[in-house]
Amino acid sequence: MTLLLAATVTPLEQICREAGRETAMAKDILGEAGLHFDELNKLRVLDPEVTQQTIELKEECKDFVDKIGQFQKIVGGLIELVDQLAKEAENEKMKAIGARNLLKSIAKQREAQQQQLQALIAEKKMQLERYRVEYEALCKVEAEQNEFIDQFIFQK
């Protein structure tokens, strides 16, 4: 008896099987036409798998765009920092050039002053030599006059 029950199909079961086959056929025909049913049995143009992949791609793109935005902020900060360091380096370079030029100027001034002092020393040495010669000449004249005076006094 159990074999009979198992082999016997009720009319309701028969209708459901036929409806299932018809639904499957309809889904196949619609699938070939590019139309699909989603999990809520709504008719869609895209295959549910493609739709899911599209959603995932959209989320990945959003994440990528967010990461690019963060990257641009970081790079922008880095560029500002490098620009600031470049300006500071340029300022220090200009200070160093100014200091070097000042030192060169001071060295040239000292060299010029040294040459002036050497010229003055040479002039004073020449003047000293003239005064020495003049002194010797005056000493000679004084000696001659003293000798003349002594002779004049002894003659009297």
Side-chain angles (χ1 to χ4, degrees), residues 16-17 19-156:
C16 286
R17 284 184 188 169
R21 274 185 249 144
E22 288 175 3
T23 304
M25 281 180 34
K27 285 185 178 180
D28 289 341
I29 293 170
L30 289 173
E32 290 174 9
L35 301 172
H36 305 279
F37 287 100
D38 64 5
E39 63 276 349
L40 300 174
N41 287 326
K42 290 186 177 181
L43 189 60
R44 302 286 180 191
V45 176
L46 289 177
D47 183 17
E49 188 176 317
V50 173
T51 303
Q52 183 61 31
Q53 290 174 351
T54 304
I55 291 170
E56 289 173 5
L57 180 61
K58 180 180 176 182
E59 290 173 3
E60 288 178 17
C61 287
K62 183 183 179 299
D63 291 343
F64 179 75
V65 168
D66 291 343
K67 287 179 183 178
I68 290 293
Q70 290 174 352
F71 178 74
Q72 285 178 336
K73 286 180 185 177
I74 291 169
V75 169
L78 181 64
I79 289 173
E80 287 179 18
L81 179 63
V82 168
D83 285 344
Q84 182 181 0
L85 289 174
K87 286 178 184 177
E88 289 176 12
E90 189 65 27
N91 288 340
E92 290 300 319
K93 179 180 169 184
M94 289 301 178
K95 285 180 186 178
I97 290 172
R100 182 179 65 196
N101 289 342
L102 180 63
L103 288 174
K104 284 181 181 179
S105 172
I106 289 172
K108 286 181 182 179
Q109 287 176 348
R110 284 188 179 169
E111 188 178 317
Q113 186 179 17
Q114 184 179 10
Q115 288 176 354
Q116 287 175 347
L117 291 174
Q118 286 175 346
L120 184 63
I121 288 170
E123 183 182 324
K124 294 296 181 182
K125 282 182 179 180
M126 287 177 20
Q127 188 177 12
L128 177 65
E129 183 62 26
R130 280 194 312 267
Y131 287 154
R132 189 185 60 73
V133 169
E134 187 178 340
Y135 174 73
E136 286 176 2
L138 289 173
C139 284
K140 201 180 213 183
V141 169
E142 180 186 19
E144 288 174 1
Q145 287 178 354
N146 284 337
E147 189 179 322
F148 178 75
I149 292 173
D150 286 340
Q151 282 178 3
F152 183 72
I153 291 178
F154 287 126
Q155 281 180 351
K156 269 193 183 185

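Residue numbers count from 1 along this sequence. Everything quoted here is computed from the prediction, not taken from an experiment.
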Does CD in E49 sit with more than 12 non-hydrogen atoms of other residues, nucleotides or ligands closer than 6.0 Å?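 No, CD of E49 has 12 or fewer neighbouring heavy atoms, counting only those of other groups under 6.0 Å.
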
Would you list the pairs meeting salt bridge (Lys or Arg N to Asp or Glu O under 4.0 Å) in which at least one residue belongs to residues 94-120, sequence neighbours left out?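 The answer is E92-K95.
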
Any salt bridge (Lys or Arg N to Asp or Glu O under 4.0 Å) pairs touching residues 115-127, not counting sequence neighbours?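 Residue pairs passing salt bridge (Lys or Arg N to Asp or Glu O under 4.0 Å), neighbours aside: none found.
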
About how many Å separate [atom2] of [Y] and [atom1] of [X], when rounded to the nearest 0.5 Å?
X: E144; Y: I149; atom1: CD; atom2: CD1; value: 12.0 Å
X: Q155; Y: F148; atom1: CD; atom2: CZ; value: 8.0 Å
X: L117; Y: I121; atom1: CG; atom2: CD1; value: 6.5 Å
X: Q116; Y: Q114; atom1: CD; atom2: CD; value: 11.0 Å
X: Q145; Y: L138; atom1: CD; atom2: CG; value: 9.5 Å
X: L78; Y: D83; atom1: CG; atom2: CG; value: 9.5 Å

Is there a side-chain contact between E88 and Q84 in this structure, where contact means two heavy atoms from C-beta onward sitting under 4.5 Å apart?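 Answer yes - side chains close enough.
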
Side-chain donor/acceptor pairs under 3.5 Å, residues 61-69, sequence neighbours excluded:
from: K62; atom 1: NZ; to: D66; atom 2: OD2; distance (Å): 3.4

What do the steps show when you test E136 against R132 for salt bridge (Lys or Arg N to Asp or Glu O under 4.0 Å), and what is the final call? CA-CA 6 Å; E136 286 176 2; R132 189 185 60 73; 2.6 Å; yes

So, are R130 and E134 salt-bridged, with charged N and O less than 4.0 Å apart?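 No, this pair does not count.
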
